[in-house]
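Here is the structure we will look at, set down as structure tokens.
This is a predicted model, so every value here is computed, not measured.
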Amino acid sequence: MKHKVILFLFFVTSIIYAQNDVYVFKDIKNEYSIHTIESANFKRIEKSISDKDINASFWFKIPANKTVENYIFRINSIRIKASSAFQNQKEIEKIANERYLAYKFNRISPVYIKVSSDFSSYFPFDLSTENDSVFREKVQIIMNSFYYGFTFLVIIYSFFYYYFFRDKAFLYSGLLISSLTLGFFLLDGMFHFFKFNNQTVEAITLLNYIFLAFFSSKFVHSFLLLDDYYPKLKKYTYSLGVLIIINVMLFLIYRTNFLFVCLNILVFTILLIYWFTGVILFKNNIYTKIFVFAYATLLFTGIDFLVLKNFGIQIFESNPQNMKIGGLIQIIVISLAVLYREKTLRKSNQFMKIEIIKYSKEIEQMEFSINDETQKEILQTLTVREKEIFDLIIAGNSNKLIADSLNISVNTVKFHVKNIYEKLHIKSRKEAITLDKSFNL
């Protein structure tokens, strides 16, 4: 246990004190080459580059250092379009099968690295000794394994809950978490780690934007029961969804950064609309409050990282790591909120069932009372003779006994019995007896 703690502290310390002795030069017109770059005016930079100009190339300079150790320079971004590295005007090969772009070199002489991007000029980097860099990368892979293993279990549980409870909020929660996890998997460079080519990664990235917008819409509508409050909202967000699909298709044709920026804005507009809807319904119940707070962390770090950085703006110092932390918070809290919502709705449904049964019994009682009163009113419509015959019928007398008792013929008795049956809506003596008993209850 002590050994693990020491390794962890070493990992954290190595991140904080990584040797970022790096300089940068913005080649606006892309006019510099390895033969002329030494004369450029480099400036020291601490953490990362975030620039709105995507047409420029950026040159990194790692000065010479009196050390025998090898170093690794890593740019922690999947948005690199092209790159090249040189030392003594000879090209350095990038390290194969890495999550992100990485070069290994000694520091006997200066190293120059040129990068450019089709998407946004955001280049977070790290310069460390080979041992430190390899160690941190191994630790990161292990942490990623635990992270994605955990989210996979949450996804499976969501689908199982949907199977057992038939609540679509569980289904769309699982699909939304799947889309978020796929997004983090992309940002973590895991597809490059598994040797996917850039075209495949780009296609998955664009497709996942569509998934994220659609599953977010379906989840929030189901989770917050928005069809009961804002039935027309779905129509407007689906219109934005159509624009997202059109935008993706146009990007695949024209491949301009403007379309990529528009895609990010459209997706996060949908997410922002649903978050504001949750804010409006904040007082409705506890699980809506949970949704608002849980959704905010990932939403605003995502806006900062995927939208504002395209304009060279950075508010929260967001990166894939803190986005994953925000995503993990959302995954855990939203999953618990869906369970709490299910419990609340089931409790409410049970109460409603009891009330409906109670109300149904009251209705039945009212109908019985109404029918009882109606039958009594009909009974009062019988003539004196018909009332006498009705009393003798329920006493169990036959037609002949009734005729003898009233000194009338049997046919006359039959005539009166027929009229009595029609007025009371009955068909037999047994029904007449039952009806009389109901009056006397």
Inspect the surroundings of CZ in Phe258 and state if more than 12 heavy atoms from other residues, nucleotides or ligands are less than 6.0 Å away.
no

Using a strict 4.0 Å threshold on nitrogen-to-oxygen distance, state whether Glu202 and Arg255 make a salt bridge.
yes

So for atom OH, which belongs to Tyr148, do other residues, nucleotides or ligands contribute more than 12 heavy atoms lying within a distance under 6.0 Å?
yes

Evaluate side-chain hydrogen bond (donor to acceptor under 3.5 Å, both in side chains) for His192 paired with Asn197, printing each intermediate quantity in order.
CA-CA 7 Å; His192 290 126; Asn197 59 45; over 6 Å; no

Go through Tyr209 and Asn247 one step at a time and tell me if the side-chain hydrogen bond (donor to acceptor under 3.5 Å, both in side chains) criterion holds.
CA-CA 11 Å; Tyr209 274 107; Asn247 200 288; over 6 Å; no

Do other residues, nucleotides or ligands put more than 12 heavy atoms under 6.0 Å from the CZ atom of Phe159?
yes

Walk me through it: do Asn65 and Thr67 pass the test side-chain hydrogen bond (donor to acceptor under 3.5 Å, both in side chains)?
CA-CA 6 Å; Asn65 195 342; Thr67 177; 6.0 Å; no

Decide whether a cation-pi geometry holds between Arg79 and Phe305; the criteria are a distance under 6.0 Å from NZ or CZ to the six-membered ring centre and an angle within 45° of the ring axis.
yes

Side chains of Asn106 and Gln87: donor-acceptor distance under 3.5 Å anywhere?
yes

Under the side chain to side chain contact (heavy atoms under 4.5 Å, CB included) criterion, do Leu206 and Phe251 qualify, and how do the steps go?
CA-CA 9 Å; Leu206 294 173; Phe251 180 83; 3.8 Å; yes

Side-chain contact, heavy-atom cut-off 4.5 Å: Phe291 with Leu224?
yes

Any sub-3.5 Å donor-acceptor pair from Thr36's side-chain atoms to Tyr32's backbone N or O?
no

Just checking, Lys289 and Phe282: is the charged tip under 6.0 Å from the six-membered ring centre and within 45° of the axis?
yes

Using 0.5 Å steps for rounding, measure from the OG1 atom of Thr269 to the OH atom of Tyr274.
12.5 Å

Could you check whether atom OH of Tyr230 has more than 12 heavy atoms from other residues, nucleotides or ligands sitting under 6.0 Å from it?
yes

Report the C-alpha separation of Gln330 and Tyr295 in whole Å, then their side-chain angles, then the decisive distance to 0.1 Å, and conclude whether the side chain to side chain contact (heavy atoms under 4.5 Å, CB included) test is met.
CA-CA 6 Å; Gln330 177 171 325; Tyr295 213 68; 3.6 Å; yes

Whether Thr297 side chain and Gly326 backbone form a donor-acceptor pair below 3.5 Å
no

Nearest heavy-atom approach of Ile92 to Tyr103 is O-CE2, 3.4 Å

Under 3.5 Å: donor-acceptor pair, side chain of Asn30, backbone of Asn55:
yes

Heavy-atom side-chain proximity of Ile72 to Asp126 below 4.5 angstrom:
no

Worked verdict on Asp227 versus Lys232 for salt bridge (charged side-chain N to carboxylate O under 4.0 Å, His left out)
CA-CA 8 Å; Asp227 287 335; Lys232 293 183 179 180; over 6 Å; no

Please determine whether side chain to side chain contact (heavy atoms under 4.5 Å, CB included) holds for the pair Leu175 and Ser158, giving the CA-CA distance in whole Å, both sets of side-chain angles, and the decisive distance to 0.1 Å.
CA-CA 9 Å; Leu175 293 172; Ser158 297; over 6 Å; no

Distance col, row Ile332:CD1 vs Ile334:CD1, nearest 0.5 angstrom, shows 11.5 Å

Val139 versus Ile142: any side-chain heavy-atom pair under 4.5 Å?
no

Is there a side-chain contact between Leu176 and Leu212 in this structure, where contact means two heavy atoms from C-beta onward sitting under 4.5 Å apart?
yes

Can you check whether Phe125 and Phe73 have ring centres sitting under 6.0 Å from each other?
yes

Checking the side chain of Asn131 only, and the main-chain atoms of Phe135 only, is there a donor and an acceptor separated by less than 3.5 Å?
no

Taking C-beta and beyond as the side chain, do Pro63 and Asp21 meet within less than 4.5 Å on heavy atoms?
yes

More than 12 heavy atoms of other residues, nucleotides or ligands under 6.0 Å from CD of Glu93: yes or no?
no

Side chains of Pro110 and Ile62, heavy atoms from C-beta outward: is any pair under 4.5 Å?
no

Looking only at atom types and distance, does a side-chain atom of Ser145 sit under 3.5 Å from a main-chain N or O of Ile141, one as donor and one as acceptor?
yes

Side chains of Phe184 and Thr151 in contact at under 4.5 Å (non-hydrogen atoms):
no

What distance separates Tyr161 OH from Leu339 CG, expressed to the nearest 0.5 Å?
5.0 Å

Could you label the plane-to-plane angle of the Phe42 and Tyr112 rings as parallel, tilted or perpendicular, counting under 30° as parallel and over 60° as perpendicular?
tilted

Looking at Thr181, Ile331, Leu180, Asn144, which hits side-chain contact (heavy atoms from CB on, under 4.5 Å) with Lys324?
Asn144

Spacing of Ser217 atom OG and Ile270 atom CD1 [to the nearest 0.5 Å]
7.0 Å

Gap separating the OG atom of Ser116 from the NZ atom of Lys81, nearest 0.5 angstrom
4.5 Å

Verify whether the ring centers belonging to Phe170 and Tyr162 lie closer than 6.0 Å.
no

Can a cation-pi geometry be assigned to Arg74 and Tyr100, taking NZ or CZ under 6.0 Å from the six-membered ring centre and within 45° of the ring axis?
no

Do Arg107 and Phe105 form a cation-pi contact, if we require the NZ or CZ to be under 6.0 Å from the six-membered ring centre and within 45 degrees of the ring's axis?
no

In this structure, are over 12 heavy atoms from other groups packed under 6.0 Å from Lys26 atom NZ?
yes

Check whether the ring centres of Trp275 and Phe268 lie less than 6.0 Å apart, and answer yes or no.
no

What one should report as the nearest heavy-atom pair of Ile78 and Leu187 is CG2-O, 4.0 Å

Asn70 vs Thr129, side-chain hydrogen bond (donor to acceptor under 3.5 Å, both in side chains): CA-CA, chis, key distance, verdict:
CA-CA 6 Å; Asn70 286 327; Thr129 62; over 6 Å; no

Please check if the number of heavy atoms outside Ile286 that lie under 6.0 Å from its CD1 is greater than 12.
no

Is a side-chain N or O of Asn208 found less than 3.5 angstrom from the main chain of Phe211, in a donor-acceptor match?
no

Test item: side-chain donor near acceptor, Tyr229 and Asn284, under 3.5 Å:
yes

Kindly indicate whether the side chain of Asp188, heavy atoms from C-beta on, has any atom under 4.5 Å from the side chain of Arg99.
yes

Passing option when Phe223 is tested against Tyr287, Tyr172, Tyr340 for ring pair (Phe, Tyr, Trp, His ring centres under 6.0 Å)
Tyr287

Can you tell me how far the NZ atom of Lys29 sits from the OG atom of Ser57, to the nearest 0.5 Å?
14.0 Å

Is the distance from the ring center of Phe58 to that of Phe123 below 6.0 Å?
yes

Angle class for the Phe185/Phe194 ring planes (parallel below 30°, perpendicular above 60°, tilted otherwise)?
parallel

Side chain to side chain contact (heavy atoms under 4.5 Å, CB included), that's the test. Do Glu69 and Glu130 meet it? Break it down for me.
CA-CA 7 Å; Glu69 290 187 283; Glu130 181 181 7; over 6 Å; no

